[in-house]
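Let me begin by presenting the structure, written as structure tokens, before commenting on it.
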There are 2 protein chains.
Amino acid sequence: MAFGHQREDSRLILLREISQGGRIPRIDLAERTGISRATVTTITADLLRDGLIEEIPREDSAAATRGRPRVDLKIAGAAHLVAGVKISGTRISLVLMDFEGTQLTDHEVPLPAGRHSPAALAGHIADAVAALAAKAGYATSDLSGVGVGLAGTVDVSAGTVHWSPSLNVRNVDLAAVLTDRMGVPAYLDNDANLVAMAEKAFGLGRGRSDFIVVTLEAGVGMGIILGGEIYRGTRGCGAEFGHTKVQLEGALCRCGQRGCLEAYVAEYALLREADTALGPDTTVANQIARLLEAAEGGDAAAASIVARAGRMFAMGLANIVNIFDPELIILAGEQMQFDYLYSDAVMAELRKSIVQVDAAPPEVVVHKWGNLMWARGAAAYALEFVQERAAREGRVDAG
Amino acid sequence: MAFGHQREDSRLILLREISQGGRIPRIDLAERTGISRATVTTITADLLRDGLIEEIPREDSAAATRGRPRVDLKIAGAAHLVAGVKISGTRISLVLMDFEGTQLTDHEVPLPAGRHSPAALAGHIADAVAALAAKAGYATSDLSGVGVGLAGTVDVSAGTVHWSPSLNVRNVDLAAVLTDRMGVPAYLDNDANLVAMAEKAFGLGRGRSDFIVVTLEAGVGMGIILGGEIYRGTRGCGAEFGHTKVQLEGALCRCGQRGCLEAYVAEYALLREADTALGPDTTVANQIARLLEAAEGGDAAAASIVARAGRMFAMGLANIVNIFDPELIILAGEQMQFDYLYSDAVMAELRKSIVQVDAAPPEVVVHKWGNLMWARGAAAYALEFVQERAAREGRVDAG
DNA sequence: CCAATTTAATTTGCTTTCCGAATTTAAATG
DNA sequence: CATTTAAATTCGGAAAGCAAATTAAATTGG
């Protein structure tokens, strides 16, 4: 069977198309992929036999057409299980997902603060994955892949982590350590890319092949999807949107440089100015809330802080638009306190700052989501690999 | 023959590899492309029969190995002819190139200043191409393709020019008009992309698949090569590096906005400040020369102008590095007066402004070239299309 | 209720592509 | 001049995938 396969397989193309389509009849598959109906029949028969896809009985909704009715196909959820893991400073968040992308369970465990050795971190992750699986009545060995996202610079092709705030050494092949520890293939990526992945798989980027995701939390991140793939820079560490410069000799950034976008719009940047304008407050959240309130209430100093952050953000975003000319930008984050960055004023400033062409300016949409979106992105990431393996090998193994 | 071809053809893969390799034996082709030796033999035999490639007798230099000697293959120059055309404000520059990429002749004709109708511009181009061909004893009909670069925003896939300083109407399908007028397929592109193309085909980007080219002339342009292809943005009009913003509410740009990089480093930007600092001069070139001289001579105002331009340039470039993480940046231009932007001080500023990772900072190289480089890029661009056609159709037609 | 119609899916026969293994070719070497 | 070595070619076969013909499953009109 694994004989003549070369180049990208029609099997994989069809499997992906079915995955994307949700439910789709053979004839549409043929049309969308350009593969002949005859071949679609043959390949889908294979996929059915391998248990990777299923026929859906009949959609009564789209009734009343003459002729032989279409039979929808969909991914067989039961074929494989994957886990998605997000490592943050103080906790590990996980989701369990089936082959169809349905979330089965989620889980969350605290992670001791500070830096860990690769073995220790792998241990924490493996334990959490086992607990996640157990929650749904499975074992780690039932999984076909585990996607892991963590902050830092990750070289995906090599699987190594150049640097991460969670690790006490540099340049570790954490993917290998994890795979070894769990007995299940682990796939690592930078967490900003995972959000892009999540948006592509089940967010606002669904079905789009080119868009940009900007994340707002403690820092400012960016994920770039080009041609349906995550763009990682030529060496796997690009898309440092937060550290693009918006002001010569500007405000001091956490990274030690001056004028980074992050130094104007991140939480800590607002805080330090808020302290100056309004005096200190008890907690971070309180102070930010107080700042925004004061700005809306007409306090000149507060308004000026917020306005400048907004304009700097628009400027940074305009640079991205001028360079990439995307048709869609997704502003994604879980923090409500950054609402002001999505304001009409900021969007107007953005439109004013991009090169004017006949084409419409890019669509900018806001997507607020919870903590688990990261983990879901990680799971979607693992799912891509498992799909690819499943398509290539006929049948990998199953739950 | 044109029956079952689907997906990317091995014929094209091999033709490209031979083109890139310059001269390469079959066994290396097999190894580099992953195509089996048997198939390489079959396909190269086809290509030889079609006259697209040639065997090179024998390299005595690499002598003294046992066994049957390798036979190098190369592109057959005589198989096809292409022309490369660059439209600038006041002239048309052309080169005639054979299938191998060897430049046979060049030509240059004045172009009446101002905006032209599509038909009129096509007429000027067609005449110039005919003259170019005649110079080498050919006719336009001997050409297999003509690549044309012009300033403006060009939608390559549609062949339309959204806007160009050379045209008096918007959204014209100039490629179609030209193809019709000449009887030879015309391929249009933005001129910044052509420089990238030229660098890739026979410049410092040769053999590289990912790099960025920044051009300096009247304005500041950028060409992006990702995965061996020109990246054009999702709608064909990205890479407006000159209009990325480096200063909020900054200097006024030609485009009407404020704070564009171009408004700090372009010729006109330097001029207007030089006039203030040193008083007016007779010509543009004189004034720029005087400015740089004064700066080097210790004139404070002049030095400040030049230094700021340099720092702004470094900042803009750093943003590109932080977003793309390229391994190579080529600063390309024909103007000597921009030397100061390549200075050690600017490069140091750049290194200081990019996110620090373990990987080495990107290589930055300077490539100065003459006026015809644009046209050569256009020819290389056409060559890609002709190669593709030739690979697909067996033999297209020849000189 | 049964033909006729319509559309989806499948089957059949065939073409094309490309590989592995065996063979041939063209040199250097002893 | 036989032997060795490495490149190139030939040969038979296997797989992928297409077009055309056929079958299947529904609706519609008489």
Side-chain angles (χ1 to χ4, degrees), chain A residues 1-15 17-18 21 23-49 53-73 391-394, chain B residues 1-15 17-18 21 23-49 53-73 391-394:
Chain A
M1 169 148 272
F3 209 71
H5 293 259
Q6 72 267 358
R7 261 193 264 314
E8 204 177 19
D9 214 345
S10 292
R11 236 175 105 99
L12 180 55
I13 292 171
L14 287 180
L15 197 60
E17 196 68 42
I18 295 168
R23 48 174 53 201
I24 183 172
R26 279 169 251 253
I27 194 162
D28 285 358
L29 281 175
E31 205 194 343
R32 285 204 207 169
T33 60
I35 295 169
S36 76
R37 293 177 198 179
T39 306
V40 168
T41 290
T42 314
I43 292 177
T44 52
D46 269 15
L47 295 174
L48 280 166
R49 176 178 42 70
I53 61 173
E54 293 169 344
E55 292 192 336
I56 301 181
R58 178 83 185 82
E59 265 296 287
D60 316 282
S61 59
T65 33
R66 236 150 119 123
R68 177 173 178 170
R70 305 163 161 222
V71 181
D72 282 333
L73 299 171
R392 223 194 327 268
E393 300 171 17
Chain B
M1 173 148 269
F3 210 71
H5 293 257
Q6 70 271 353
R7 263 191 263 314
E8 205 177 21
D9 212 343
S10 292
R11 236 175 106 100
L12 181 54
I13 292 171
L14 287 180
L15 198 59
E17 196 68 41
I18 295 169
R23 47 173 55 200
I24 183 171
R26 279 170 252 253
I27 194 162
D28 284 359
L29 282 175
E31 205 193 344
R32 284 204 209 170
T33 61
I35 295 169
S36 77
R37 293 178 198 179
T39 306
V40 168
T41 290
T42 314
I43 292 177
T44 52
D46 270 15
L47 294 174
L48 280 165
R49 176 178 41 71
I53 61 173
E54 293 170 344
E55 292 193 334
I56 301 182
R58 180 80 185 84
E59 265 296 288
D60 316 284
S61 58
T65 33
R66 236 153 121 126
R68 179 173 177 171
R70 307 167 158 219
V71 180
D72 282 332
L73 299 171
R392 219 187 336 261
E393 300 172 16

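Residue numbering restarts at 1 for every chain, and letters A, B, ... go by the order of the sequence lines.
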When T41(A) and A38(B) are each assigned the nearest nucleotide of DNA chain C, the 5'-most assignment goes to T41(A)

When all nucleic acid strands are considered with a 4.0 Å heavy-atom cut-off, which category describes V40(A): base, sugar-phosphate, or nothing? nothing

Quick check: do R70(A) and D28(A) have side-chain heavy atoms less than 4.5 Å from each other? yes

Flag side-chain contact, heavy atom, 4.5 Å: P25(B) against V71(B): no

Has the side chain of R23(A) got a donor or acceptor atom that lies under 3.5 Å from a matching backbone atom of L73(A)? no

Output the rounded distance in Å from [atom1] ([X]) to [atom2] ([N]).
X	N	atom1	atom2	result
I35(A)	dT10(C)	CD1	P	15 Å
R26(B)	dA26(C)	CZ	P	12 Å
D28(B)	dA6(D)	CG	P	14 Å
L14(A)	dC18(D)	CG	P	10 Å
L29(B)	dA6(D)	CG	C1'	16 Å
R37(B)	dT25(C)	CZ	C1'	14 Å
I24(A)	dA9(C)	CD1	P	11 Å
I43(B)	dC19(C)	CD1	P	8 Å

For nucleotides 5-7 of chain C, print each protein N/O atom paired with a nucleotide N/O atom at under 3.5 Å, atom names and distance only.
from	atom 1	to	atom 2	distance (Å)
dT5(C)	O3'	R66(A)	NH2	3.4
dT6(C)	O4'	R66(A)	NE	3.4
dT6(C)	O2	G67(A)	N	3.1
dT7(C)	O2	R68(A)	N	2.6

With R49(B), the side chain to side chain contact (heavy atoms under 4.5 Å, CB included) member among I53(B), D46(B), L47(B): D46(B)

Do T39(A) and T42(A) have a side chain donor and acceptor closer than 3.5 Å? no

T39(A) side-chain N/O to dA16(D) phosphate OP1/OP2 under 4.0 Å: no

Counting only side-chain N and O atoms of T42(A), is one of them less than 4.0 Å from OP1 or OP2 of dG17(D)? no

Pairing of E31(A) and R26(A) as salt bridge, 4.0 angstrom limit: no

Rounded to the nearest 0.5 Å, what separation is found between the [atom1] atom of [X] and the [atom2] atom of [Y]?
X	Y	atom1	atom2	result
T44(B)	R37(B)	OG1	CZ	13.5 Å
L29(A)	I27(A)	CG	CD1	10.5 Å
I35(B)	I43(B)	CD1	CD1	5.5 Å

Taking five pairs at each terminus, the helix from dC1(C)-dG30(D) to dG30(C)-dC1(D) shows an axis bend, to 10°, of 10°

